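Since the structure comes first, as structure tokens, the remarks are kept for the end.
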Amino acid sequence: MRQLTDLNPQLDLDPSWEEMRFAAKSLLEPSLQRRLVELGECNGIQVLLQDLMSAKTPVLIELGQLSGPGVHLPLIQLGGGDAVLVFYGKLSAAEQFLWADDLKPSLLWLQALQRRTLAAQTLDDSPVMIYQAAEIDQRWVLLQANQAVGDFLGCPLADLVGAGARRLMTEFIHPDDLPRLLLAYDFTGTSAQQITLQYRMLNAQGEYVPVTERIQCRARKEPKTSISVVWHRILDQVDSNEQFSLFKDLEALTQDVSFETGRDFMAHLCRRIGSAQSIPWVMLCANTYDDWWETWVISTQGTGQPNFHFRMPDAVNIDRVQWNQARQVDPNDGFTASLFGDYPVHSVLPLVSDNEPVRACLFLGSDQRILDIEFIAQITRFFGTRLLREISQARISDALHEQNLLLERQKAQLTSMVTCLGLLDTVADEPEFLATTQRHIEQAFELQGLVWVFWASGEWREVLHVDGVSDDWYRDAPILKHTDWINQLEQVRRSDRLSIDKSRQRVFWPIGQSEAGYLVMVLTFAKHMPDLELLQFYRNALALAQQGLVQRESLRLQAMRDSLTGLGNRVQLHIWIKLALPHHNQASLLLFDLNRFKEINDSFGHQFGDKLLCKIGPRISQQLDHVEHYLARLGGDEFALFLPGVPPEEARRIAEMLHAALAKSYVIDRLRFQVEASIGVAHYPLHGADGHELLRCSDVAMYVAKNTNRNFVEFSAQLDTTTPLRIAVLSELDAALAEGQLSVVYQPLMSAETGRTAGFEALIRWAHPIFGNLSPSEFIPIAEMGDGIRKITDFVLHRTMLNLPRWRKILPDLHIAVNISPRVLLDHQFPLNMQTLLDQYQLPGEAIVLELTETTLLVDPVRAVEIINTLSQSGLKVEIDDFGTGYSSLTYLKSLPISALKIDRSFVCDILTDAHNEVIVSSTINMAHNLGLQTVAEGVEDEATLLKMMGLGCDMIQGYYYSKAMPEQDVSAWLERNS
């Protein structure tokens, strides 16, 4: 079925096609119009039917609006030919097939009409009169007739044919012969027998001349139809039986062959010629260029033979028809045998048409003379142009097919290239890069071979395959065996360009510098060698991908290395451990932490400390010259040493040795000083199955060594304080915040002077689904170990500031105190973040009080003072929480913008019974007042304690005496009652 993408209305059709269109209009148009009305969403339809003469598929009928893209529904091999329905508008697939089923009977009838028309046209040039007739309305009228009828009668053929014919054949029969003739017609119509009649007929000269008619009616159907062959007595030498048989044979052949197209049509026609006339050798050839020809069909006794190309010799004359040329078979004459087979009788039938550019020829070979030359001559006259057209169209189709195959190949190659480039963007190293490239090139192209060749140390070496895993893929590569490649490889190396050897379908493809040396990929194509433009495009794309790999490797090295010391970092350490553990039954991990490094940094500056850190790695490695080891700096003054294959006893010896080595003095900037290291040791598989577990265990052991002032400590289960709660806090905090497990409660701060609310302290609570209600003392210290404390602080600040505007409408001077961790306070972005929150919720700085512990000021005093002063510029106040439990300097109380001191509950709860606590509290209150600070008493739970604190002059009271911490929904009611 040929594609109908471009339908050309100006098709070169047989004149009978107009009759087909007229018949189709009468037969199909009413039902099509009715169906279009019923299916309102279908705007229009076209019906295309194959013209059996031209092998084209023109439009037979079209109705409605044919705008927009049409939906093609092919009806392949409909009764032997092709038909296509084209629908315009919206029509479901089910409705399309239903419509097609309804149209099939009518289309079959139209094809049958076309076959009958073609059969009648077959012998149009015959010297005898041939026509088909039917009895319609009790009279015989001609359905079809050849030109010989009109020429004999001297009447235009159009006047004789059709139900509306102006003249009937009976008008030309002698009146005396007509009754007898009509009786004979009735007899043959009833019996369906073939009979021969003799009568007189009026010719073009106005004379009645004797004629002979051989007639046979079709099967007994209505209307009655007949086939007649009529000849004048002067043509008695024409065998009527032969003419009648010829007509019948050609009609059957036409109906059989006309439905085929392309090569099937050619092969079928040649087989029918051979079988009809018992010709054992029928070969169809067509000229290609100059004197070169190609065979299209070789039919030997109905069996096809392979086709071939040949040069036509001058001795073979193909410019004229040659029948039954007898030649002696020469067993040494292979060329003649290839044209006519091993048969002694040869016939040549040239096929030429002014309307076709193709030149073709039929070569017939037989054992004896062909007797029925007229049959074959009529076939070549009737089907010759069709054969030439089919050859021309087949050549176009073959070229399009080859072009489509080329486009499909290029599309597949480009798709493979895009897929390959996508994968190459993610590969980690050169072996994987080369293996991925090789795999996709082998998939994209039809290769005979692919070889990697590289230039190193003055020699070319070859590698047949890169597995993508081995880093040493190029080691021990043999010297290149194909010495004939050397010249082209040298040319490629000098020019860095593709080199193509078309004669051997080979491409030398430079990859460039690699770990092995200068690398070239040599491709040998089995067939369909791609063009240079595609290869060059592919090569440029691979070069870009290779540049990306180099950049990624550079970034990976940066990401895996500590920028200060050049040692591996934490990520690299885990990769080393992951790669090594599967190959060793035991291993050890040593974690180092330098003692007093912070004091060195603070005293001499970070630049001095960095120089010290750079000396640690080389000193450790110098002690391990003959031991496989991997050294990393994890951050700050922490180092990790991984020892694959080292047993526990050896690891203990190494730890002791390294502790002594690191304790030796260092000279930096002409200053000599000494540091020591605390070392934690963990063993595989005793203490962990992967790097993360080993690192955690060695970290626990290292902190024990630091706290106990020991050189090194091996991990043991007794040292591990990790609990399920600690794990839950570290791993579930994000989910807890998202699911609403955390909430903020507020405990009132009451004025000792007025007894009314002055503010609240915001406190965090966690309702854990497994561990129940957790107090801050249970999860805040664990959250301090990671980034969780920042998330908790952000949550408390947002919830508090969200409610404050509503509560300050009840008590305009209300403030809320929020506890701030050292990790949060010492972030230089913290003042900016606080100002952003105040602006977001439209609050003054005085609405928030930041509570800091004394130890917060001691973590980094200089940075703490700087940040607290910046916060005060936004109006934010700072209180010292749990005052008296730490070791703060009174200097900070004087120099910092602090608003109040909160006296720890440990001094307040037993102030009535402990005279020392009373002295401490009284002194603290007096000192604060003298510095202009307020005081807040925590943990006041009874009236006697309240009165005592009031008597000592405390400014604000906090504790269960007034209220426990309340949820945010209860705060407004509290303020209504107590403000």
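Just so you know, these numbers come straight off a predicted model, no measurement behind them. Below, all heavy atoms of this structure are taken into account, side chains as well, without hydrogens, waters or symmetry copies.
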Could you work out, with salt bridge (charged side-chain N to carboxylate O under 4.0 Å, His left out) as the rule, every residue matching [X], not counting sequence neighbours?
X: Arg311; answer: Asp291
X: Asp290; answer: none
X: Glu62; answer: none
X: Asp159; answer: Arg166

Whether [X] side chain and [Y] backbone form a donor-acceptor pair below 3.5 Å:
X: Ser392; Y: Val358; answer: no
X: Ser347; Y: Asn324; answer: yes
X: Glu213; Y: Gln198; answer: no
X: Asn146; Y: Met129; answer: no
X: Ser397; Y: Gln393; answer: no

### Task
Evaluate side-chain contact (heavy atoms from CB on, under 4.5 Å) for Val230 paired with Thr212, printing each intermediate quantity in order.
CA-CA 6 Å; Val230 183; Thr212 302; over 6 Å; no
Can you give me the closest heavy-atom contact between [X] and [Y], atom names plus distance?
X: Gly89; Y: Asn43; answer: CA-ND2, 3.5 Å
X: Gly162; Y: Val141; answer: O-CB, 4.2 Å
X: Ala145; Y: Leu142; answer: CB-CD1, 4.2 Å
X: Ile61; Y: Leu32; answer: CG2-CD1, 4.1 Å
X: Leu202; Y: Leu153; answer: O-CD2, 3.4 Å

### Task
Given side-chain contact (heavy atoms from CB on, under 4.5 Å), test His346 with Leu364 step by step and report yes or no.
CA-CA 6 Å; His346 302 166; Leu364 310 180; over 6 Å; no
Of all residues at least two apart in sequence or in a different chain, which pass the ring-ring contact (aromatic ring centres under 6.0 Å, His included) check with [X]?
X: Phe87; result: Trp99
X: Trp296; result: none
X: Tyr208; result: His174
X: Phe363; result: Phe340

Rounded to the nearest 0.5 Å, how far does [atom2] of [Y] lie from [atom1] of [X]?
X: Leu181; Y: Ile173; atom1: CG; atom2: CD1; answer: 4.5 Å
X: Cys270; Y: Ile298; atom1: SG; atom2: CD1; answer: 10.0 Å
X: Gln147; Y: Ile130; atom1: CD; atom2: CD1; answer: 12.5 Å
X: Ser106; Y: Leu49; atom1: OG; atom2: CG; answer: 11.5 Å
X: Leu73; Y: Ile45; atom1: CG; atom2: CD1; answer: 9.0 Å
X: Ile279; Y: Asp367; atom1: CD1; atom2: CG; answer: 11.5 Å

How about [X] and [Y]: do any of their side-chain heavy atoms sit closer than 4.5 Å?
X: Ile370; Y: Val345; result: no
X: Ile318; Y: Met312; result: yes
X: Cys42; Y: Leu36; result: yes
X: Val348; Y: Cys361; result: yes
X: Val149; Y: Leu160; result: yes
X: Ile391; Y: Leu351; result: no
X: Leu362; Y: Met283; result: no
X: Leu66; Y: Gln46; result: yes

Has [X] got more than 12 heavy atoms of other residues, nucleotides or ligands less than 6.0 Å from its [atom1]?
X: Asp342; atom1: CG; result: no
X: Phe97; atom1: CZ; result: no
X: Gln368; atom1: CD; result: no

### Check against side chain to side chain donor-acceptor pair (under 3.5 Å), Thr288 and Glu294
CA-CA 7 Å; Thr288 53; Glu294 61 178 328; 6.0 Å; no
### Task
Show your reasoning for whether side-chain contact (heavy atoms from CB on, under 4.5 Å) applies to Leu91 and Val71.
CA-CA 9 Å; Leu91 195 65; Val71 178; over 6 Å; no
### Task
Start with the C-alpha distance between Tyr131 and Gln144, add both sets of side-chain angles, then the distance that settles side chain to side chain donor-acceptor pair (under 3.5 Å), and finish with yes or no.
CA-CA 5 Å; Tyr131 59 82; Gln144 302 173 74; over 6 Å; no
### Query
Hey, what's the ring geometry for Trp281 with Tyr343, parallel, tilted or perpendicular (30° and 60° as the breaks)?
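Ring orientation, 0 to 90° scale: tilted.
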Which residues pass the side-chain hydrogen bond (donor to acceptor under 3.5 Å, both in side chains) test with [X], not counting sequence neighbours?
X: Glu171; answer: Arg167
X: Asp398; answer: Arg263
X: Arg369; answer: none

### Task
Evaluate side-chain contact (heavy atoms from CB on, under 4.5 Å) for Asp102 paired with Arg35, printing each intermediate quantity in order.
CA-CA 10 Å; Asp102 290 345; Arg35 199 65 177 268; 2.7 Å; yes
#### Entry: Pairs flagged by salt bridge (charged side-chain N to carboxylate O under 4.0 Å, His left out) wherever residues 197-210 is involved - sequence neighbours left out
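For residues 197-210, and leaving out neighbouring residues, the salt bridge (charged side-chain N to carboxylate O under 4.0 Å, His left out) pairs sorted by first residue read Asp177-Arg200.
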### Task
Would you please say whether a donor-acceptor pair under 3.5 Å links the side chains of Tyr88 and Gln65?
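No - no donor-acceptor pair under 3.5 Å links their side chains.
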